[in-house]
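Excluded from the calculations below are hydrogen atoms, water molecules and symmetry mates; all remaining heavy atoms, backbone and side chain alike, are included.
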Amino acid sequence: MAFPQIADLMSLDNPAFRAYIFYNSILILKMLCMAPLTARLRMAKKIFLSPEDTKLLKGAKHGIEDPDIERVRRAHRNDMENILIYFVASYCYLLTNPGTTLAIMLMRLFTIARVAHTFVYAVYVVPQPARAIAFFVGYFVTGYMAITSMLYFIN
């Protein structure tokens, strides 16, 4: 089997690679928003992890677990557990020279699923199965990309 050149696949002339950069940039920005979201809740509730941080606000406490703050932290951790793996899986998937329409659709679907996951988990809590659906959509996209890549390069 003749493999395409990596330079051609990772070229700005390749619409799938441009979509990879675009959607991954959205995911990076989404993850960057999680720390300020946690900090905003900590400041509003005056609850911090470290005693030295309590000096920022009068009446602040430390060492107390708050369910709202913990929810945002869990959503952030879930992002790190899923989005970082997706970055690698989607890169490997691009190396298989996939159809442009399918590749872009999968990247878009993953990005929408992860934004939706954060929204229904940490911003505006929606009862299950909303979070589970958002999680599994992204999970299956990543799995599909990984399996496709593995099968493409198996020989």
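- A heavy-atom distance below 4.5 Å is found between the side chains of K30 and I83.
- Contact between P98 and A103 at its shortest, heavy atoms only, is CG-CB, 3.8 Å.
- Within a 6.0 Å radius of CD in E65, no more than 12 heavy atoms belonging to other residues, nucleotides or ligands are found.
- V72 and L32 fall into different hydrophobic clusters, where Ile, Leu, Val, Met, Phe, Trp and Tyr side chains are chained together by heavy-atom contacts under 4.5 Å.
- How far CG of L109 is from OH of Y144: 12.5 Å, rounded to the nearest 0.5 Å.
- Contact check for L27 versus F110: side-chain heavy atoms found under the 4.5 Å cut-off.
- The cluster map of Ile, Leu, Val, Met, Phe, Trp and Tyr, joined by side-chain heavy atoms under 4.5 Å apart, puts V123 and V120 in the same cluster.
- The minimum heavy-atom distance linking F87 with Y20 is given by the pair O-OH, 3.6 Å.
- The two residues A16 and L94 have their closest heavy-atom pair at CB-CD2, 3.8 Å.
- If you take OG1 on T111 and CG on L106, they are separated by 10.5 Å, rounding to the nearest 0.5 Å.
- Between the R42 side chain and the I47 main chain, a donor and an acceptor come within less than 3.5 Å of each other.
- By the 4.5 Å heavy-atom criterion applied to side chains, N24 and S90 are counted as neighbours.
- Summarising the geometry, atom CD1 belonging to I26 is positioned 14.5 Å from atom CZ belonging to R114; distances are rounded to the nearest 0.5 Å.
- Side-chain contact check for T118 versus D79: some heavy-atom pair is nearer than 4.5 Å.
- In plain terms, the two heavy atoms of T96 and S149 that are nearest each other are CG2-CA, 3.7 Å.
- Expressed to the nearest 0.5 Å, how far CG of L95 lies from OG1 of T148 amounts to 13.0 Å.
- Using a 4.5 Å cut-off between side-chain heavy atoms of Ile, Leu, Val, Met, Phe, Trp and Tyr, with links allowed through other members, M150 and F140 fall into different hydrophobic clusters.
- When the salt bridge (charged side-chain N to carboxylate O under 4.0 Å, His left out) test is applied to R73, the partners found at least two apart in sequence or on another chain are E70.
- Atom CZ of residue F48 and atom CD1 of residue I69 lie 8.5 Å apart, to the nearest 0.5 angstrom.
- In this structure, F119 is not a member of the same hydrophobic cluster as F136, with clusters built from ILVMFWY side-chain heavy atoms closer than 4.5 Å.
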Would you list the atom pairs, donor with acceptor, under 3.5 Å between side chains in residues 49-61 and any protein atom, with sequence neighbours excluded?
{"from": "T54", "atom 1": "OG1", "to": "P51", "atom 2": "O", "distance (Å)": "2.5"}

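- In this structure, the side chains of L41 and D66 stay at 4.5 Å or more apart for every pair of heavy atoms.
- To the nearest 0.5 Å, atoms CZ (R18) and OH (Y23) are separated by 12.0 Å.
- The heavy-atom pair separating A75 from A122 by the smallest distance is CB-CB, 3.8 Å.
- Using a 4.5 Å heavy-atom cutoff, the side chains of L151 and I147 are in contact.
- Counting heavy atoms from C-beta outward, I112 and V115 have side chains that stay 4.5 Å or more apart.
- Side-chain atoms of M107 and F22, non-hydrogen and from C-beta on, never get closer than 4.5 Å to each other.
- Contact between R71 and Y121 at its shortest, heavy atoms only, is CD-O, 2.7 Å.
- T100 pairs by the side-chain contact (heavy atoms from CB on, under 4.5 Å) definition with P15, I104, not counting sequence neighbours.
- Both Y86 and I21 are assigned to one and the same hydrophobic cluster, defined by single-linkage of ILVMFWY side chains at heavy-atom distances under 4.5 Å.
- The local environment of OH in Y139 is sparse, with at most 12 non-hydrogen atoms from other residues, nucleotides or ligands closer than 6.0 Å.
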